[in-house]
There are 2 protein chains.
Amino acid sequence: MRQKQGEMCPRFEKAVNILSQRWTALVIYQMLESPKRFGEIQSAIGVSGKVLSDRLKNMEQEGLIKRDVYPETPVVIEYSLTEKGESLEPVLRDIENWSSDWIEHPDSKEAVK
Amino acid sequence: MRQKQGEMCPRFEKAVNILSQRWTALVIYQMLESPKRFGEIQSAIGVSGKVLSDRLKNMEQEGLIKRDVYPETPVVIEYSLTEKGESLEPVLRDIENWSSDWIEHPDSKEAVK
DNA sequence: CCTTATTAGTTACTATTTGTAATCAAGTAT
DNA sequence: ATACTTGATTACAAATAGTAACTAATAAGG
């Protein structure tokens with residue numbers, strides 16, 4: 001395979017990798033409004049429990065979100081943005097603005113392809 | 001599977017889907033500087049020819065980029081941003097700024113997981 | 001003419017990631 | 001004990017991405 005020569009800033013590249021993971025941006029977007037529970041996120045964006053579980057762990061490891069357990073009945077687990085996670089709000093607002101300016105067809109949510 | 005109830009704006013969702021496709025944001029970022037050729041993009045970001053070919057087709061269909069053929073020797077094919085594609089610059093600049101504020105470890109480009 | 005070189009892809013095959021549906025663990029109520 | 005709820009995990013199937021070899025078009029060299 002062709003080697004990578006034209007250097008990309010590795011920090012920018014990592015940021016893009018985080019945001020390019022499927023569902024991650026939508027999960028953060030949900031939490032911008034308020035902290036959210038596992039099931040709420042699942043219902044809101046339609047992600048599978050398996051992948052959501054994986055994403056939440058990654059995002060916690062990246063320091064984007066924090067996980068709080070309330071031993072109520074049944075248990076309540078609340079995910080919320082850290083300062084680092086909240087600082088992505090401008091990115092998501094720009095995407096929001098761009099989509100309202102440039103995306104028309106609301107016929108299918110079947111993605112890009 | 002749990003149904004999607006909490007409605008997301010379908011235009012925002014589509015925008016996120018476009019930008020969440022692996023490599024798409026990096027390809028646009030490359031073209032922000034100047035039009036780019038197939039091999040240049042490949043070298044710069046390290047994407048496989050197969051996937052780059054697919055992404056460029058999708059991005060052209062989405063109206064983000066245009067493809068120009070110059071029958072020189074050997075053939076030169078130049079990809080450049082449309083107005084729609086260029087209008088994503090603020091999103092990418094925000095990601096750039098965020099990464100310089102919040103991403104530290106430049107040790108591994110091995111992504112998020 | 002035949003071989004080589006260059007760019008822009010495509011193809012067959014493998015590996016990784018995601019989706020699906022069933023299941024599990026903890027806690028409580030019936 | 002059984003059932004219910006939330007937050008997950010698991011096994012298996014489907015979709016997506018990576019790898020390396022190959023093709024098409026054009027031209028230069030011998």
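Letters A, B, ... mirror the listed sequences (proteins, then strands); counts begin at 1. Computation of the quantities below employed the complete heavy-atom set of this structure, encompassing side-chain atoms and omitting hydrogens, waters and symmetry-equivalent molecules.
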Nearest listed nucleotide, side chain of A:Lys57, among C:dT10, C:dG9, D:dT9:
D:dT9
Looking only at the side chain of B:Arg22 (C-beta and beyond, no hydrogens), which of the listed nucleotides D:dT19, C:dA8, D:dA17 gets closest?
D:dA17
Side-chain ion pair, B:Glu40 and B:Arg37, N-O less than 4.0 Å
no
Can B:Glu62 and B:Lys14 be counted as an ion pair, charged N to O under 4.0 angstrom?
yes
Rounded to the nearest angstrom, tell me the gap between atom CD1 in B:Ile77 and atom P in D:dT26.
12 Å
Taking CZ from A:Phe38 and P from D:dT6, how many angstroms apart are they, rounded to a whole number?
12 Å
If you check every side-chain atom of B:Pro74, which of C:dT11, C:dT7, C:dG9 has the closest atom?
C:dT7
What is the distance, rounded to the nearest whole Å, between atom NZ of B:Lys36 and atom C1' of C:dA8?
17 Å
Report the residue (B:Lys50 or B:Arg37) whose heavy-atom-nearest nucleotide on DNA chain C is the more 5′ of the two.
B:Arg37
Figure out the CG/P separation between B:Leu56 and C:dG9, and round it to whole Å.
7 Å
To the nearest Å, give me how far apart CG (B:Asp54) and C1' (D:dT16) are.
9 Å
With DNA chain D as reference, determine whether A:Val76 or B:Pro71 sits nearer its 5' end, using the nearest nucleotide of each.
A:Val76
B:Trp23 side chain near D:dG18 phosphate (N/O to OP1/OP2, under 4.0 Å)
yes
Consider the side chain of B:Val75, meaning its heavy atoms from C-beta on, and name the nucleotide among C:dT18, D:dA17, C:dT7 that approaches it most closely.
C:dT7
Closest to the A:Ser53 side chain, choosing from D:dA8, D:dT16, C:dG9:
D:dA8
Starting from C1' on D:dA17, measure out to CD on B:Gln21 and report it in whole angstrom.
11 Å
Mind calculating the distance between CD (B:Gln42) and P (D:dG18) to the nearest angstrom?
11 Å
salt_bridge(B:Glu60, B:Lys57) N-O dist < 4.0 Å
no
Classify B:Tyr70 by what it touches in the nucleic acid, base, sugar-phosphate, or nothing, heavy-atom distance under 4.0 Å.
nothing
Do A:Tyr79 and A:Leu32 share a hydrophobic cluster (ILVMFWY, side-chain heavy atoms under 4.5 Å, transitive)?
yes
Could you tell me how far apart B:Arg55 (CZ) and D:dA17 (C1') are, to the nearest whole angstrom?
8 Å
Answer with yes or no whether the side chains of A:Lys66 and A:Thr82 bring together a donor and an acceptor at under 3.5 Å.
no
